[in-house]
There are 2 protein chains.
Amino acid sequence: MHSILRDCRNGDLAGLMEAAKAEGMTPEALAGNIAAGRTILLKNARRPYTPCVIGEGARVKINVNIGTSGQRCDPAMEIEKANAAIANGADAIMDLSTGGDLAAMRKEILKLPIPVGTVPIYEAVRRAGNVIDLSADLLFKVIREQAEQGVDFMTLHCGVNLEVVETLRLDPRVMGVVSRGGSFHTAMMLASGEENPLYAEYEYLLEILDEYEIALSLGDGMRPGAYVDSTRLAKSQEYLTLGKLARVAHARGVQRMIEGPGHMDYNEISYNVKMIKEITGFAPLYLLGPLVTDIAPGYDHITGAIGGAAAAAAGADFLCMVSPSEHLALPDTKDITEGTRVAKVAAHVGDLSRRRDAELPRQAAMAEARRTLDWEGQYALSLFGDHARAVHDRDGACETCSMCGDLCAIKIVEKALEKKI
Amino acid sequence: MHSILRDCRNGDLAGLMEAAKAEGMTPEALAGNIAAGRTILLKNARRPYTPCVIGEGARVKINVNIGTSGQRCDPAMEIEKANAAIANGADAIMDLSTGGDLAAMRKEILKLPIPVGTVPIYEAVRRAGNVIDLSADLLFKVIREQAEQGVDFMTLHCGVNLEVVETLRLDPRVMGVVSRGGSFHTAMMLASGEENPLYAEYEYLLEILDEYEIALSLGDGMRPGAYVDSTRLAKSQEYLTLGKLARVAHARGVQRMIEGPGHMDYNEISYNVKMIKEITGFAPLYLLGPLVTDIAPGYDHITGAIGGAAAAAAGADFLCMVSPSEHLALPDTKDITEGTRVAKVAAHVGDLSRRRDAELPRQAAMAEARRTLDWEGQYALSLFGDHARAVHDRDGACETCSMCGDLCAIKIVEKALEKKI
């Protein structure tokens, strides 16, 4: 059975060329990182798209969640949101739809030119009608169906097991469980007393994922949902489990990454990221946030960017966009555009930390374009050049800018230096 | 002559009561910090307004710059911007006007209920007609006139001296000087070969400031203007000079703070902030940014928030709002609203680091309001509650939110726990 991970172990680099080039890495270096489990390549033979490298040596990537809800189900808007995300730099899309015809929605999303992820338990619970009626069989059936459709990566909360529920009881949290997938598994276990099937039948799950070349995103069902919950024990219990599961998946040839918190004090981010990396054998880390305060709803794209930049600088590899409507409403297209751009800035701050040599030429060129007041050059070097041009030109496309006009510091010192130095 | 600093040294706490209460500090603690030069109180007897505490023990404050330019001169819009800033949490306003009737503009701004700062050299250069024609006499005359008008704090680039110009030559920077005030003084020195009058006649300057109870903001004329310039020597030369000048001002009874960079790699922020603090005798630090990348024009409120949060967590006391139009255009009212909110979030992240015990009850209450889906409670606890309400209610003022609807994780686990735990 074909597997990128096995190819890399065997020194077969043919499938890595395009991706390595895009990252400015040699195929050998990329293969080495993948073989070591420190980097994954999203590349599913079932559909064509730009492959995406996540992990050590690669640029920090961003994922954007879209999807209908029971309360607001407008598939056309979700496609529009996905396209807005891609236009603003999203590297992957997760379809988290829970309302309407889920398979039809996914079919449309899978036409996009970038990797697509899902959380299969959402559909499984919808089809079961009620979370406590969901059987292991149905859950695995949904996973297989979504795999056949061509999904590239799946969030599966394999680490939400009975031991985690015990840990939650031992060290309770104000917000309990806020991960939707985590809450489904917790409710199932509380109702039946039985182990999470994704944990109990992990080997079987890996067989399916391996068959379809799907990357496993080990979900963080225990991510803290509140600032005051951030240091409670449940999340660390889950990290430890995920560290074991990550090693097993890697040994079986299945690519995997780890999902991380959540709500967290700014000063806790760096050590959490480094510790999760260590515990999980330096698997790629996919961060949801972290959100550094609870009291800024409406501005959680900012709390997420502040946390995301800190996390990326500390070693996180993949940031999940947080939209301005987080905690309040399903995001609309404007929210997705804004959230994606802000996440892109945070990811880029990570790149400046981890790939400084690769990023310096662009910074140097930007400084030169600014010094010479070369506006076209500045737009071309900017993350969002068209937007920058529109802001500059709103007061007229002048040589300086409407902030300083003739009192431009750059021009004043240039002039003084020309005469004197 | 009355001086808050001398009062604090003498144990006269009468003038501190209101300010101490607002910060949750005892008047004794506040007086101790002010006497040590680690904290300043903006409180000018010439006009009534809410006093503002900046420095150790106090919440991180934010300043918002407004002001006309030669290219865009609309005093009514500038007043509107100032009011938008105050409505969204600005603690101080700086009037950086350079276009139109500057004294009239300032008169209007001084009617605002919060501290107002200026950069007197802007008006002085305007009145001289040309920077190289500006005399020391005119500069001091403008400072005195603005002081008489009731300005509360002034940015004065006393550390931009001949030695700094030599340091710039020794270790040149791509962007040279980007501080407008810094560029004026540099151009004056280059043209005349004479020392910066604010440095040469610093004792005289302090006399004026002392007479009018004005806090001195020691301007960072050498703040790096580009990512690639951030580690060049000029800024450190200036810090060192500012550290000496800060000590002299403090000894003379004049309250002062230090302005800091600028453009800077994310990983350089913490050590810069801590080092500036140490060099300047732990004077309050007023940060412009730091902006952590150059390639996000149009989103520099985000690069500033990421840098500002890092700086505030490391010890910066006062953040200058960076607007979305930074580097591109004079901000409009919408830019000021957005920039102020984003800066407020960054400052609040600093508060969570430096005043965690004082901030925890609000975080705990927010977690409880979220757990119980108490939306009114959430809005009341939020930094921007009205905005949060508008986002939530756009899809209907429902019990959960349109993101998850009935699949609300909080509700699912609550229900499961009710039956099982």
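Only heavy atoms go into these numbers, but all of them, side chains included; no hydrogens, no water, no symmetry mates. The model shown is predicted, which means the values in this text are computed figures rather than measured ones.
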Salt-bridge test for R169(B) and E166(B): reply yes if a basic N is under 4.0 Å from a carboxylate O, no otherwise. yes

Counting heavy-atom pairs closer than 4.5 Å to chain A, which one of V178(B), V349(B), L360(B) comes out on top? V349(B)

Side-chain touch D265(A)/T231(A), heavy atoms, less than 4.5 angstrom: no

With a 4.5 angstrom heavy-atom cut-off, which part of N130(B) approaches chain A: side chain, backbone, both or neither? neither

For T68(A) and G99(A), indicate whether the former's side chain and the latter's backbone hold a donor-acceptor pair under 3.5 Å. yes

Specify which of E338(A), K344(A), M189(A) makes the most heavy-atom pairs with chain B at under 4.5 Å. E338(A)

Select one option (side chain, backbone, both, neither) describing which atoms of A310(A) are under 4.5 Å from chain B's heavy atoms. both

Under a 4.5 Å heavy-atom cutoff, which of A187(B), A226(B), P297(B) has the most pairs with chain A? P297(B)

Hey, are the side chains of M77(A) and I66(A) touching, using non-hydrogen atoms and a 4.5 Å cut-off? no

Okay, D332(B) and chain A: the region with an atom under 4.5 Å from a heavy atom over there is both

With chain B as the partner chain, list the residues of residues 380-389 of chain A whose heavy atoms fall under 4.5 Å from it, by residue number, and write 'none' if nothing qualifies. L381(A), S382(A), L383(A), F384(A), H387(A), A388(A)

Verdict with reasoning, H157(A) to V119(A), per side chain to side chain contact (heavy atoms under 4.5 Å, CB included): CA-CA 9 Å; H157(A) 301 85; V119(A) 187; 3.8 Å; yes

Side-chain contact, heavy-atom cut-off 4.5 Å: Y266(B) with L352(A)? no

Check for a donor-acceptor pair, side chain of R173(B) on one end and backbone N or O of M222(B) on the other, with a separation under 3.5 Å. yes

Quick check on the interface: out of E359(A), R362(A), R356(A), Q378(A), who has the most heavy-atom pairs with chain B under 4.5 Å? R356(A)

Is the Y122(B) ring parallel, tilted or perpendicular to the F184(B) ring (thresholds 30°, 60°)? perpendicular

Report the C-alpha distance between R371(A) and E368(A) in whole Å, list the side-chain angles of each, state the deciding distance to 0.1 Å, and finish with yes or no for salt bridge (charged side-chain N to carboxylate O under 4.0 Å, His left out). CA-CA 5 Å; R371(A) 188 184 67 76; E368(A) 188 61 24; 2.7 Å; yes

Checked S353(A), A296(A), G176(A) vs chain B; the most non-hydrogen pairs under 4.5 Å come from S353(A)

Top contributor to chain A interface from T372(B), V292(B), V177(B) [non-hydrogen pairs under 4.5 Å]: V177(B)

May I ask you to check whether H263(A) and D294(A) show a side-chain donor-acceptor distance below 3.5 Å? yes

Quick check for you: among D229(A), V125(A), L96(A), I302(A), which has the greatest number of heavy-atom pairs under 4.5 Å with chain B? I302(A)

Enumerate the residue pairs fulfilling side chain to side chain donor-acceptor pair (under 3.5 Å) with a member in residues 181-190 of chain A, sequence neighbours excluded, ordered by first and then second residue. H185(A)-N196(A)

